[in-house]
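Below is one structure, written out as structure tokens; comments come after it.
Small disclaimer: the values here were computed from a predicted structure and weren't measured. Counting starts at 1 for both ligands and their atoms, in listed order. Residue numbers start at 1 and run along the sequence shown.
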Amino acid sequence: MEYKDIIYKTPVKYGLINYEKTYEDFGWEEVKRSFEHFSHDGVNIAHEGIDRHTSTSHRNKVALLWEDENGHKKEYTFSDIKRQSDKLANALKGIGINKGDRVFLFLPRIPELYISIIAIAKIGAIAGPMFSAFGPGAIKDRLLNSEAKALITTPELNQRVNEAKEELPMLKYIILVGAKDNLKKGELSYESEINKASEAFNITWVNPEDYLYILYTSGTTGKPKGVTHVHNDMISHYITTKWVLDLMDDDVYWCTADPGWVTGTVYGIWGPWLNGISQVVYSGRYDAEKWYSIIEKHKVTVWYTAPTALRMLMKAGDEIIKKYDLSSLRYICSVGEPLNPEVIRWGLGVYNLPIHDNWWQTETGSIMIANYPSLPIKPGSMGKPFPGICAKIIDAKGKELPSGKHGFLALKPGWPSMLRKIWRDRDKYNEYFRTSGWYATGDTAYMDDDGYFWFVGRADDVINTAGHRVGPFEVESALVEHEAIAEAGVIGKPDKERGEIIKAFVVLNQGHQSSDGLKKDIQEFIKKRLAAHAYPREIEFTQNVPKTRSGKIMRRVLKARDLGLPTGDLSTLEED
Ligand code: PRX
């Protein structure tokens, strides 16, 4: 096996004491008993996550410790979040938002984002968080496909929505956080609505299978897919948070992810609050010193972050770590991309703690494979399947492969937080289950003799840049909208810091000359149109983009050429 070293741990108190035994004995039904109100006639994740804590000793416990880039701070107890979300829920109901309606969010990581997501769940509506770096094209795609009835945003971000508003007839209301005045038709002030609203609210009890949130994610082809999750996900959220993130009542937890990505929604809102945990939200951008100061100031004990951030911290150097008191930290987890052993070794040295990698996807809705506090870590491995999860390595026909063999990572369907649909696209949903009896993850991996899983790569062309999933097709489509570009092919190029960067090969239209200025112009064009994280950091001008006879871009060939590797079977390459 590839690993050289295993990190053994000294036993301390943790949530999951005996992994092997728990895996054998585990049943999802049992987890439902941790909730106050789990019945098929009525549940609500917001009741379990917020309201129920307000009739216990947690009522005055801090739920949210918020800080921004300029050091402004706000604190909300569970009772504060209940009150604010009840008022907003009343306001939403008041304007005619009903169960099943989509309410989208386009907000920075401000307290109103968190309160809104709770309020939307309380009325049985469906929340659609969107990352604040999205451009007008990405926003339009999501609002159109979901037929969102309302959007909660800020006046500044709303400018990006305005460009597409004409094409969004279903969007009835735009609720603006921090609007001064001059509200246009259909626009409402978040603050005035909250101030007017009553505090007395009766939560909407829904069926566990009723929809809770939609997050759009990229595949290889087509527009982003609306991965749809349900209230029943709370079973997975609750227990994975407890056992993988190892959260205990007195912890102060910080998840660095934005709720526009699934980690930020599941483990930056629901998971910790279902467990009654105090969590820190820092709304600023990544900055090594700022991040360490957040840990020091708020005495963060459990930290959930991503490999690219850890690699950036490693690059920022060990000297700055000495300036901060990080002694509160007791547990670190990471997700989203491969966590290289070098980072784990570095973390052991500077933080005196191992970093626990775990693996999951927007579609799985919760952590599926993980390193646990009680299990030794094999650096470079994603760990072992969560209790109740059956993960295997299979071949193209669905046959299970023995340990050590590379193949497709697949899961036995049926865990509580599995995606329930792709919004308005049954075919795309069915694609996940095309191998009979399995949910196909789209990743390749292998399992070792001890049952640890090792990530190998994507089985498709989806790019993972700094932990963000980007579909090459979306970038290619946006590129060809640029007046200078005739054709484009996009690949993920390996990068030491970001895992992959986006590289575009472009063919120019006649009359356009390649230049550094044009490259910059194209990059800005994509940032505005699509998203700040989805622009090609590298652009190569080329005479042609290799395609199959049926016109599909052969990204595999582009990638091999770029890396100087053999291009493999070219028999379907277009002859021209
Ligand atoms: O390729 C895998 C990679 O991220 C994909 C899922 O992306 P997304 O839906 O955006 O969710 C990311 C955060 C949950 C996976 O198919 N991925 C996720 N975790 C890991 C990973 N690759 C390697 N190691 C991981 N721990």
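Less than 6.0 angstrom separates the ring centroid of Tyr351 from the ring centroid of Trp346.
The list of side-chain hydrogen bond (donor to acceptor under 3.5 Å, both in side chains) pairs with a residue in residues 104-117, not counting sequence neighbours, reads Arg109-Asp258.
At a 4.0 Å cut-off, at least one heavy atom of Gly336 sits close enough to ligand 1 to count as contact.
Across the listed options Val335, Asn358, Thr362, Thr362 owns the non-hydrogen atom lying nearest to atom 8 (P) of ligand 1.
Salt bridge present: Glu209 and Arg420 bring a charged side-chain N and a carboxylate O closer than 4.0 Å. With salt bridges taken as basic N to acidic carboxylate O contacts below 4.0 Å, none links Lys405 and Asp395. Between Glu337 and Arg311, at least one side-chain nitrogen of the basic residue sits less than 4.0 Å from a carboxylate oxygen of the acidic one, meeting the salt-bridge criterion.
Here Glu337 has backbone heavy atoms under 4.0 Å from ligand 1, and that is the only part of it that gets that close. Here Phe455 has side-chain heavy atoms under 4.0 Å from ligand 1, and that is the only part of it that gets that close.
Per-residue contacts place Pro338 under 4.0 angstrom from the following atoms of ligand 1 (heavy atoms of the residue considered): 22 (N), 23 (C), 24 (N). If you number the atoms of ligand 1 from 1 as listed, the ones under 4.0 Å from a heavy atom of Thr263 come out as 13 (C), 14 (C). Residue Arg458 approaches ligand 1 through these ligand atoms, each under 4.0 Å from one of its heavy atoms: 1 (O), 16 (O). The ligand atoms of ligand 1 that sit less than 4.0 angstrom from a heavy atom of Asn464 are 3 (C), 4 (O).
Looking from atom 2 (C) of ligand 1 to the surrounding protein, the closest heavy atom is Asp443 OD2, 3.0 Å. Closest protein heavy atom to atom 7 (O) of ligand 1: Arg469 CD, 3.3 Å.
Considering both main-chain and side-chain atoms, Thr217 never comes within under 3.5 Å of ligand 1 through any nitrogen or oxygen pair. Taking only nitrogen or oxygen atoms, main chain and side chain alike, Ser334 does not reach within less than 3.5 Å of ligand 1.
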Ring pair (Phe, Tyr, Trp, His ring centres under 6.0 Å) evaluation trace for Tyr282 with His298: CA-CA 11 Å; Tyr282 172 59; His298 299 287; 9.1 Å; no
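Side chains of Asn145 and Trp423: no donor on one and acceptor on the other come within 3.5 Å.
You'll find the side chain of Met368 stays beyond 4.5 Å of the side chain of Gln361, heavy atoms only.
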